[in-house]
Student: 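Take a look at the following structure, please.
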Amino acid sequence: SEILGIPSNEVYRMLSTVRRKPTRTTALSADSDNDTPGYADSIRDIPAALTTAVEEALGLLVESCGLLTRVPDDFVDAVGKVPAGQSLFDVLLNEHEDAGTYDRARIVEQCDDPVQLETLHACLRRYGPVAGVTDDELFDRVLDRIREVTAARAISEASSAVRKGEGTDA
């Protein structure tokens with residue numbers, strides 16, 4: 001509750017409301033209601049550097065709605081590789097489209113499942129203002145890191161393909 005800046009009793013009220021709401025239809029089978037994977041499970045197979053950078057960018061976007069207009073295509077591609085992050089990003093986009101703006105409390109209200117709330121919490125843990133650096137500058141730095149991680153991953157995958165003989169024309 002300290003990270004979200006919301007009183008703990010309000011967080012518990014929201015969580016109990018979420019638990020009572022029917023969840024969205026997912027690819028999980030109906031008999032796996034209590035086996036729904038959490039955020040940690042959803043990011044297990046995703047490179048940590050990518051997950052961390054996406055979390056930090058999403059934390060910045062939650063805290064600074066104005067940055068949403070600066071989101072480049074390569075960020076959209078990167079967040080698409082982190083499904084839980086994509087779900088939170090969709091909440092931000094929907095709220096911005098519906099209301100023209102948003103704040104942290106409104107995003108918390110719109111997170112309608114526990115994984116979204118866990119994702120939001122993880123992203124806000126990554127966000128932290130830096131003395132003398134604007135959110136715009138922080139966002140640029142995070143976007144650069146996302147580009148570096150994505151490029152390194154692409155190089156690694158291409159090298160692996162070449163080693164396996166998939167990348168040659170011979």
Student: For the residue pair Val71 and Leu143, establish whether any side-chain heavy-atom pair is separated by less than 4.5 Å.
Tutor: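 Side-chain contact under 4.5 Å: no.
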Student: How far apart are the C-alpha atoms of His96 and Cys65, what are their side-chain angles, what is the distance that settles it, and do they pass the side chain to side chain contact (heavy atoms under 4.5 Å, CB included) test?
Tutor: CA-CA 8 Å; His96 189 265; Cys65 174; 3.4 Å; yes
Student: Going hydrophobic residue to hydrophobic residue with side-chain gaps under 4.5 angstrom, can you get from Leu67 over to Val130?
Tutor: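 Leu67 clusters together with Val130.
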Student: For the CD atom of Glu97 and the OH atom of Tyr102, what is their distance to the nearest 0.5 Å?
Tutor: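 Spacing of CD (Glu97) from OH (Tyr102) equals 13.0 Å.
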Student: Output the distance between atom OG1 (Thr51) and atom CZ (Arg126), rounded to the nearest 0.5 Å.
Tutor: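 Separation between the atoms: 9.0 Å.
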Student: State, with a plain yes or no, whether a side-chain heavy atom of Val142 is found less than 4.5 Å away from one of Ile146.
Tutor: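 Result yes, sub-4.5 Å side-chain heavy-atom pair found.
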Student: Should Gln116 and Asp112 count as side-chain neighbours, where that means a heavy-atom distance under 4.5 Å?
Tutor: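 Yes, side chains in contact.
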Student: How many angstroms lie between atom CG of Leu124 and atom NE2 of His121, to the nearest 0.5 angstrom?
Tutor: 8.5 Å
Student: For a quick test of reading the model, state the closest non-hydrogen atom pair linking Leu68 to Leu61 and the distance between them.
Tutor: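 It is N-CD2, 3.7 Å.
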Student: Nearest 0.5 Å please: distance from the CG atom of Leu117 over to the SG atom of Cys111.
Tutor: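 One gets 5.0 Å once the value is rounded to the nearest 0.5 Å.
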Student: Any side-chain to backbone donor/acceptor pair from Glu137 onto Thr134? Under 3.5 Å, distance only.
Tutor: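 Confirmed, Glu137 side chain pairs with Thr134 backbone.
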Student: How far does OG1 of Thr150 sit from CD1 of Ile155, to the nearest 0.5 angstrom?
Tutor: 11.0 Å
Student: Under 4.0 Å between a side-chain nitrogen and a carboxylate oxygen: does that hold for Asp103 and Arg106?
Tutor: no
Student: Is it the case that the side chain of Thr69 and the backbone of Gly66 share a donor-acceptor pair, with hydrogens and angles ignored and the cut-off at 3.5 Å?
Tutor: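 Side chain of Thr69 to backbone of Gly66, a donor-acceptor pair under 3.5 Å: yes, one is there.
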Student: Could you walk me through whether Ile43 and Thr119 satisfy the side chain to side chain contact (heavy atoms under 4.5 Å, CB included) test, starting with their C-alpha distance in whole Å, then the side-chain angles of each, then the deciding distance to 0.1 Å, before giving a yes or no?
Tutor: CA-CA 10 Å; Ile43 61 171; Thr119 305; over 6 Å; no
Student: Looking at Pro72 and Arg147, what are the two nearest heavy atoms and their distance?
Tutor: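 That closest heavy-atom pairing would be CG-NH2, 3.6 Å.
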Student: Regarding Glu157 and Arg153, does a basic nitrogen lie under 4.0 Å from an acidic carboxylate oxygen?
Tutor: yes
Student: Decide yes or no on salt bridge (Lys or Arg N to Asp or Glu O under 4.0 Å) for Asp144 and Arg141, but give the supporting numbers first.
Tutor: CA-CA 5 Å; Asp144 287 343; Arg141 290 177 186 178; over 6 Å; no
Student: What I'd like to find out is whether the side chain of Phe89 reaches to under 4.5 Å of the side chain of Val82, using heavy atoms alone.
Tutor: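 Heavy-atom side-chain distance check fails, nothing below 4.5 Å.
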Student: Hey, are Tyr39 and Glu55 close enough side-chain-wise for a donor-acceptor pair under 3.5 Å?
Tutor: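 Looking only at side-chain atoms, Tyr39 and Glu55 do form a donor-acceptor pair, the distance falling under 3.5 Å.
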Student: Taking side chain as C-beta onward, heavy atoms only, is Glu95 less than 4.5 Å from Thr101?
Tutor: no
Student: Any idea which heavy atoms bring Ile46 and Lys81 closest together, and the distance?
Tutor: CD1-O, 3.3 Å
Student: State the CZ-CG distance between Arg70 and Asp135, to the nearest 0.5 angstrom.
Tutor: 10.0 Å
Student: Under the side chain to side chain contact (heavy atoms under 4.5 Å, CB included) criterion, do Ser87 and Val115 qualify, and how do the steps go?
Tutor: CA-CA 9 Å; Ser87 178; Val115 174; over 6 Å; no
Student: Looking at every non-hydrogen atom in both residues, tell me the closest pair between Pro129 and Leu138 and how far apart they are.
Tutor: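 Scanning both residues, the minimum pair turns out to be CA-CD1, 4.4 Å.
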Student: Under the rule for salt bridge (Lys or Arg N to Asp or Glu O under 4.0 Å), what residues qualify as partners of Glu118, not counting sequence neighbours?
Tutor: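 None.
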